[in-house]
Amino acid sequence: FSVSLATPSFYPPGIKLHVYLSQGKTILNIYPTISIFSQFIDIENSNIDAQIFQAMTSENKSPVAGLILIEGFLKFSSGTIEDGQIKIKSNDFHIPAQNINGLDVPLINLNRLLINAHFSNKSTLKIDLFDVGKAGMPIELKLKGNIAINPNSFISSNLDLSGTARFSNF
C-alpha cells in the first residue's frame, strides 16, 4: 500500500494523488483528485482477484471467481456521485460450486464478463453493455438499460434492463 503525489491537477484545480494497493493478484491504481470544487477518482490499470470477495461473506467463500479488470472515473460533489463511467472486464469469470440457500450450484464457467456503464445524470447509471458468457457457455447474457439510483440505499435502486438471455445444459 502506498500513497504519493501524482501531479498537480488543472481540471479540476487541485492535487492529484496516486494510491497503489497490491494483495496477491489484486492491484489497484487509484488516482483521487482533491479540489475545493469537487473530487474525482480515476481508476486505471487495476485488477481485482475475485477471491477478495470471500472476506465479505459469512462462509468465507467468494460467490464469483476470476481476475476482474477495472477502469473508469467518478466525479463527486458534496459526497454524491455526479458523473462517471466504468468498465469491468474478465476473460476467466466463473461461479464456483456452492450452496445457495440449500440449492447446490455446480461450477459455472462463464469466461467473459464485460460491463460498460456511465452516469447519464446524478441519479441514473446507464448500463451500455452487460455481457456475461458467450456461445458455448452455460449462460449467455447481453443486457443494457438503466439503474435509477436510490440515494439512501443503493441495494434498493430500481433496475430496468432489457436484452437476451440464453441458458444451456452444463
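Computed from heavy atoms alone, side chains included, the values below leave out hydrogens, waters and symmetry copies.
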Given the rule that I, L, V, M, F, W and Y join up when any side-chain heavy atoms are under 4.5 Å apart, are I88 and F119 in one cluster? yes
Hey, does the side chain of S46 reach the backbone of E44 with a donor-acceptor pair shorter than 3.5 angstrom? yes
Could you walk me through whether E71 and K87 pass the salt bridge (Lys or Arg N to Asp or Glu O under 4.0 Å) test, one step at a time? CA-CA 5 Å; E71 292 193 347; K87 179 179 183 178; over 6 Å; no
Is there side-chain contact between L17 and L5, with heavy atoms separated by less than 4.5 Å? yes
Just by modelled atom types, is the I27 backbone N or O under 3.5 Å from a matching donor or acceptor in the S22 side chain? no
Determine the sole option in I108, N111, V64 for which the side chain to side chain contact (heavy atoms under 4.5 Å, CB included) test with F93 is passed. V64
Evaluation steps, side chain to side chain contact (heavy atoms under 4.5 Å, CB included), between L28 and I43: CA-CA 8 Å; L28 296 176; I43 304 167; 5.6 Å; no
Taking all atoms of both residues into account, what is the closest heavy-atom pair of S38 and K75, and its distance? OG-CE, 3.8 Å
Got a donor-acceptor contact below 3.5 angstrom from the N29 side chain to the N45 backbone? yes
Least distance between heavy atoms, S157 atom then A148 atom: CB-O, 3.2 Å
Under 3.5 Å side-chain donor-acceptor pair for S153 and N150: no
Looking at I149, is its backbone amide N or carbonyl O close enough to the side chain of S123 to form a donor-acceptor pair, meaning the two atoms are under 3.5 Å apart? no
Could you measure the distance from the CD1 atom of I86 to the CZ atom of F73? Nearest 0.5 Å is fine. 10.5 Å
Pairwise distance CG(L159) to CG(L125) - rounded to 0.5 angstrom: 10.0 Å
For E140, is there any backbone N or O sitting under 3.5 Å from a side-chain donor or acceptor partner on R112? no
Got V19 and P32 here, is their nearest side-chain heavy-atom distance under 4.5 Å? yes
Nearest non-hydrogen partners of F167 and I139, listed with the distance: CD2-CG1, 3.8 Å
Calculate, to the nearest 0.5 Å, the distance between atoms CG and CG belonging to L110 and N91 respectively. 12.5 Å
Within the side chain of H118, is there an N or O that forms a donor-acceptor pair under 3.5 Å with the backbone of N116? no
If you look at every heavy atom in P13 and S35, which pair is closest and at what distance? O-OG, 2.8 Å
Residue pair I127 / L143, side-chain heavy-atom distance below 4.5 Å: no
Can you tell me how far apart CG (L74) and CD (Q85) are? Round to the nearest 0.5 Å. 9.5 Å
Identify the two heavy atoms, one from Y31 and one from A6, that lie closest to each other, and give their separation to 0.1 Å. CD2-CB, 4.2 Å
T33 side-chain N/O to K16 backbone N/O, donor-acceptor pair under 3.5 Å: no
Is the closest side-chain heavy-atom distance between T26 and L21 below 4.5 Å? no
Flag yes if more than 12 heavy atoms outside E82 fall under 6.0 Å of its CD atom; otherwise flag no. yes
Please check if the number of heavy atoms outside K142 that lie under 6.0 Å from its NZ is greater than 12. yes
Can you tell me how far apart CG (D160) and NZ (K144) are? Round to the nearest 0.5 Å. 12.0 Å
Can you measure from CG (L113) to CD1 (I68) and round to the nearest 0.5 angstrom? 6.5 Å
Common cluster, V3/I41, ILVMFWY with side-chain heavy-atom separation under 4.5 Å: yes
Sub-4.5 Å side-chain heavy-atom contact between L67 and D92: yes
Do D128 and K126 have side chains that get closer than 4.5 Å, going by heavy atoms? yes
